[in-house]
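Everything below concerns the one structure shown next.
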Amino acid sequence: MDTNYELITAADKFPRIAAELRAQPVIGLDTETTGLDPHTSRLRLLQLATPQTSYVIDCFRFSPEQLSPLLEIITAAQPVKVAHNAKFDAKFLMKHLGIRLNGIFDTYLASLLISAGNENHRHGLAPVASRYLDLQLDKEQQLSNWSGELSRHQLDYAARDAGILLPLRDKMAARLDGMDLLVTAGLEFECVPAIAAMELAGVHLDVARWRDLVRQMTVARDAVADELQEVLGAGAAQMNLFGAPEPINLDSPAQVKEALARIGIEVEDTREWTLSKLVDGHPVIARLLEHRGLSKNLSSFGENILEFINPATGRLHADFRQIGTPTGRITTSSPSLQQIPHTPEYRSCFRAPQGRKLIVADYSQIEMRILADMARDEALLTAFHSGADLHRSTASQMLGIPLADISPSQRESAKGLNYGLVYGMGAEGLAGRIGVSLKEAEMLIERYFKAYSGVAHWLREAGESAVREREARTASGRLWRFSLDPGDRTQQAALRRVGKNAPIQGTSSDIFKRAMRLLDDTLLGLDAQIVNSIHDELVVECNSAIAEEIREIVRFEMVAGAKEFLPRVPVEVEAVISDAWLKK
DNA sequence: TAGAATCGCCAC
DNA sequence: AAACGTGGCGATTCTA
């Protein structure tokens with residue numbers, strides 16, 4: 001495809017171009033960079049496209065001051081900037097030009113929303129252009145060297161990528177509209193600058209503390225491993241040259257299963273769920289599980305995390321995938337900051353640097369509140385309005401006894417139900433989880449649904465409509481379309497569970513993303529920045545001197561985000577000021 | 001031998 | 001078989 005482009009080599013052209021761009025309702029935006037990491041790579045080209053022309057600006061030639069007429073356009077809400085994976089461009093613009101990319105239409109996020117969970121769809125610019133414009137792009141120049149003299153071919157490529165964004169947006173906006181996804185899309189697009197800023201900022205890890213922890217864990221694991229080799233080797237058939245039993249690989253489920261059989265413990269598999277039932281009679285099982293835990297933590301959260309520390313910033317900059325799941329949850333990788341074990345030893349390694357504090361804030365029982373609101377369940381809403389402990393309230397409602405008389409075990413059962421039911425749990429699952437018989441579990445669920453009849457009705461309907469309509473939606477209108485083989489009963493049961501959970505988990509994502517944007521906006525200009533985001537928890541790093549003010553801002557904006565989607569239920573946010581990632 | 005599939009487990 | 005939902009990821013084992 002030939003794109004009409006103009007390579008800008010003189011700063012005196014900027015006022016004319018800026019005027020032309022400002023007059024557009026929508027422009028295309030793309031960048032080419034010398035690498036993928038904004039901290040160690042440079043911004044080479046900035047491409048801004050009107051329907052007629054792609055303007056290609058060589059950023060190596062101009063200072064931010066010279067570029068300022070164009071930067072104002074990028075920062076303003078209008079014109080709308082169409083970009084594919086705008087987070088990437090936003091990070092480079094923020095790092096190298098000190099500006100926020102606002103007024104985004106992101107064709108990558110739009111593609112994910114329209115695909116509505118279809119795992120077969122790819123979302124790179126090439127497959128998206130093919131799907132929506134029937135255009136075959138080649139991306140061979142994407143990873144070419146953008147730091148030297150640029151070839152005609154590279155400039156063509158750069159201009160073309162920016163040029164196709166406008167027709168692409170036309171097609172996708174119509175699709176979003178037709179699928180009632182414009183509200184969700186707006187929510188996602190507005191969240192991009194907040195996530196870009198969070199990634200760019202990264203989190204601070206206390207390396208010495210982390211190394212210490214890894215050392216301790218290694219010693220502990222090796223001790224348990226030695227002990228296990230001795231016990232499990234007792235029945236070994238194979239001896240090595242020194243007459244000692246051949247060591248078994250404790251990380252191999254197959255070898256562990258065999259070794260257990262040799263000492264008289266027959267098991268179907270070696271999953272925790274299976275083994276934990278045998279803990280009582282067999283001390284070796286407890287040791288095995290202990291080894292698993294240590295080994296898992298060391299391989300996933302050991303020295304390897306340190307490799308992700310950025311040489312330029314000394315911090316961890318995880319990759320946040322904004323639509324990581326069909327329910328809209330954000331996922332992280334490289335490293336996976338959302339899966340750091342929730343123990344003080346681990347979390348205390350993530351610390352505020354000198355002179356700074358962390359605000360650790362999370363929603364209190366947000367999914368149950370969403371359920372109460374969506375189901376409009378009188379009793380559950382009343383429980384939340386009363387401000388009493390939810391699980392005690394639930395137990396009290398179910399058993400018909402006063403709040404004050406609820407025993408700890410009654411509260412635990414109620415808690416199991418509250419958490420389990422938003423995941424579509426059945427009686428078997430509950431029985432296993434809280435350790436009661438199937439009969440008792442059935443009775444508990446019956447009582448639960450009697451106490452919360454609105455919830456019972458809503459959950460039933462959510463499950464049925466998922467099977468009937470093959471889709472589920474959240475409060476913002478986010479869509480997940482399901483495939484279902486009609487004859488497959490197991491699949492149908494699974495779909496009923498997803499149908500119950502998806503609107504709740506997805507609405508939680510809606511709320512969270514709205515809160516992130518509100519908070520990021522309010523923190524602009526203050527010495528405070530969101531540094532981590534874990535489904536219902538935000539971590540903000542700020543100057544110690546303003547920590548109390550920031551804590552209140554965080555609380556306020558998180559509540560404000562939730563209120564937009566939950567008109568019927570009060571929302572609570574627990575926020576603490578801490579030196580480390582702890583809910584102290 | 002590289003990549004896929006599986007098991008297992010971390011988070012919310 | 002599966003057994004409450006969504007992921008990421010590491011180690012082992014299978015497969016071409």
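Below, chain A is the first sequence line, B the second, and so on; all start at residue 1. Please read these numbers as outputs of a predicted model, since none were measured by experiment. Reckoned from all heavy atoms, side chains included, excluding hydrogens, waters and symmetry mates.
Counting any heavy atom pair closer than 4.0 Å across all strands shown, A:S508 reaches no nucleic acid atom. When heavy atoms are screened at a 4.0 angstrom cut-off, A:N297 is found touching the sugar-phosphate backbone but no base atom. Using a 4.0 Å heavy-atom distance criterion, A:S334 is classed as a sugar-phosphate-only contact. If you check every strand for non-hydrogen atoms under 4.0 Å, A:G424 touches nothing. Contact annotation for A:R347: backbone-only contact, meaning every heavy-atom pair under 4.0 Å involves sugar-phosphate atoms and none involves a base. The residue A:I504 sits apart from the nucleic acid: no heavy atom pair falls under 4.0 Å. The residue A:T332 sits close only to the backbone: its heavy atoms come under 4.0 Å of sugar-phosphate atoms, none of a base.
Contact annotation: A:T270 side-chain N/O to B:dG8 OP1/OP2 distance is under 4.0 Å. One finds a side-chain N or O of A:T331 lying less than 4.0 angstrom from the OP1 or OP2 phosphate oxygen of C:dG8. For the OP1/OP2 pair of B:dC12 and a distance below 4.0 Å, the side-chain nitrogens and oxygens of A:H342 include at least one atom meeting the criterion. Contact check, A:R292 against B:dC9: a side-chain N or O comes under 4.0 Å of OP1 or OP2.
Rounded to the nearest Å, the gap between the P atom of C:dA1 and that of B:dT6 is 13 Å.
The CZ atom of A:R497 sits 5 Å away from the P atom of C:dA3 (whole-angstrom rounding). Rounded to whole Å, atom C1' of B:dC10 lies 11 Å from atom CH2 of A:W581. Straight-line distance from the NE2 atom of A:H291 to the P atom of C:dA11: 12 Å, rounded to whole Å. The CD atom of A:E345 sits 13 Å away from the P atom of B:dC10 (whole-angstrom rounding). Between the CG atom of A:D251 and the C1' atom of B:dT6 there is a distance of 15 Å, given to the nearest Å. We find that CD of A:Q505 is positioned 12 Å from C1' of B:dA11, with the value rounded to whole Å. Atom CG in A:N418 sits roughly 18 Å away from atom P in C:dG5 (whole-Å rounding). One can place CG of A:L213 at 15 Å from P of B:dC10, the figure rounded to the nearest angstrom.
No more than 12 heavy atoms of other residues, nucleotides or ligands lie within 6.0 Å of NZ in A:K450, so this atom counts as exposed by the packing criterion. The local environment of CZ in A:R470 is crowded, with over 12 non-hydrogen atoms from other residues, nucleotides or ligands closer than 6.0 Å. Annotation: A:R489, atom CZ; neighbour count of heavy atoms from other residues, nucleotides and ligands within 6.0 Å does not exceed 12.
Across every non-hydrogen atom of A:A441 and A:A427, the tightest pair is CB-O, 3.4 Å.
Closest to the side chain of A:R321, from the set C:dT13, B:dC12, C:dG8, is C:dG8. When the nucleotides B:dC12, C:dG5, B:dG8 are ranked by their closest atom to the side chain of A:K296, B:dG8 comes out on top. Listed candidates were B:dC12, C:dT6, C:dG8. Nearest to the side chain of A:T325 is C:dT6. When distances are taken from the side chain of A:S299 to each of C:dT13, B:dC12, C:dA11, the shortest belongs to C:dA11. Closest to the A:S336 side chain, of the nucleotides C:dT12, C:dC9, B:dC12, is C:dC9.
Ring to ring, A:H535 and A:Y363 are not that close: their centroids are 6.0 angstrom or more apart.
Comparing A:S252 and A:E119 against DNA chain C, the residue whose closest nucleotide sits nearer the 5' end is A:E119. Comparing A:A427 and A:N304 against DNA chain C, the residue whose closest nucleotide sits nearer the 5' end is A:A427.
Scanning atom types as modelled, one donor and one acceptor separated by under 3.5 angstrom connect the side chain of A:R329 and the base of B:dC12.
Under the 3.5 Å distance criterion, with hydrogens and angles disregarded, no donor-acceptor pair is assigned to the side chains of A:R514 and A:S476.
Evaluated for a ring-ring contact (aromatic ring centres under 6.0 Å, His included) with A:W210, the options A:F301, A:F308, A:Y346 yield exactly one hit, A:Y346.
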